[in-house]
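Just so you know, ligand 1 is whichever comes first in the structure, and atom 1 is the first atom listed for that ligand.
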Amino acid sequence: MDEGIRPLSVHVASSTGRMGPAGAVRGIARRLADMQGMFQDAAATQVMVATGNPVVYRYFAADTPDEAPHLRFGTTVVYPGTVGNEFFMTKGHYHAQERTPEVYFCLRGRGCFLMETRDGSTAEEFVEAGQAVYIPPGWAHRSVNVGTEEFVFFYVCSGGVGHDYATFADRGFRKIVVERDGKPIVLANPRFA
Ligand code: M6P
Ligand code: ZN
């Protein structure tokens, strides 16, 4: 038993992903300037950063202890949009504690979860509201909004997993998701050619 940790409840607005009350939730917004070099089209990135620097995604976390055996849970909201022809997405990460899984449950919109392993396996799952995805231990994950409204999903993983972003600093994920003829398609990332 963990002394001093009491049960807590939070509210999740399934249409917007907003969580509350403020005292029980942490929120982070990531703007395009926080994602320099992650999208393929550097010129489009610079123009968009200079002309509004949009919020690409936000996430909220319930205020649970960020350590095992507790759980970390909340929502992520990826806004609709593209940089060049590449859909708005999260930074994506491996868990620093690699033997930890995660569950995602889509609440709104249409998205694609890009996943990959260190030995080069890749997977992608297209989801809409009502679909859940299991991310096994050892699979990195990035979330892409492939629709025209907000892509909102609930996540839960172990506390204290940590985020490894450095692996993706130079080339990103092995796959990218771009718009072609009004539809999302998954392509090999040319930076791995
Ligand atoms: C989900 C979870 C979080 C993660 C967030 C943003 O909500 O997987 O752990 O922090 O997405 O993704 P990223 O950390 O890759 O920016
Ligand atoms: Zn994760």
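Under a 4.0 Å N-O distance rule, the pair R26/D66 does not qualify as a salt bridge. With respect to the salt-bridge test (charged N to carboxylate O, under 4.0 angstrom), the residues K175 and E116 do not qualify.
Under a 4.5 Å side-chain heavy-atom cut-off, the cluster of Ile, Leu, Val, Met, Phe, Trp and Tyr residues that includes I185 is completed by I176, V178, L187.
Legend: residues meeting side chain to side chain donor-acceptor pair (under 3.5 Å) with R58, ordered by chain and number and at least two apart, are Y79.
Under the 30°/60° scheme for interplanar angles, the aromatic rings of Y104 and F113 are found to be tilted. Aromatic ring pairs are classed by plane angle as parallel below 30°, tilted from 30° to 60° and perpendicular above 60°; the pair H163 and Y165 is parallel.
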> Are R108 and F153 close enough, and set up right, to give a side-chain contact (heavy atoms from CB on, under 4.5 Å), and what steps lead you there?
Replying inline: CA-CA 7 Å; R108 178 182 176 190; F153 61 93; over 6 Å; no

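At most 12 non-hydrogen atoms from other residues, nucleotides or ligands lie less than 6.0 angstrom from CG of D181.
Around the Zn ion (ligand 2), the protein contributes the following N, O or S atoms at distances under 2.8 Å: H93 NE2, H95 NE2, E102 OE1, H141 NE2.
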Give me the pairs of N or O atoms, one from ligand 1 and one from the protein, that sit under 3.5 Å apart.
from: ligand 1; atom 1: 7 (O); to: T76; atom 2: OG1; distance (Å): 2.3
from: ligand 1; atom 1: 8 (O); to: E102; atom 2: OE2; distance (Å): 2.7
from: ligand 1; atom 1: 8 (O); to: Y104; atom 2: OH; distance (Å): 2.9
from: ligand 1; atom 1: 9 (O); to: R72; atom 2: NH1; distance (Å): 2.6
from: ligand 1; atom 1: 9 (O); to: H163; atom 2: NE2; distance (Å): 3.0
from: ligand 1; atom 1: 10 (O); to: H163; atom 2: NE2; distance (Å): 3.3
from: ligand 1; atom 1: 11 (O); to: T76; atom 2: OG1; distance (Å): 3.3
from: ligand 1; atom 1: 14 (O); to: H93; atom 2: ND1; distance (Å): 3.3
from: ligand 1; atom 1: 14 (O); to: Y165; atom 2: OH; distance (Å): 2.6
from: ligand 1; atom 1: 15 (O); to: G92; atom 2: N; distance (Å): 2.8
from: ligand 1; atom 1: 15 (O); to: H93; atom 2: ND1; distance (Å): 2.9
from: ligand 1; atom 1: 16 (O); to: Y57; atom 2: OH; distance (Å): 2.4

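Here Y57 and F88 keep their ring centres 6.0 angstrom or further from each other.
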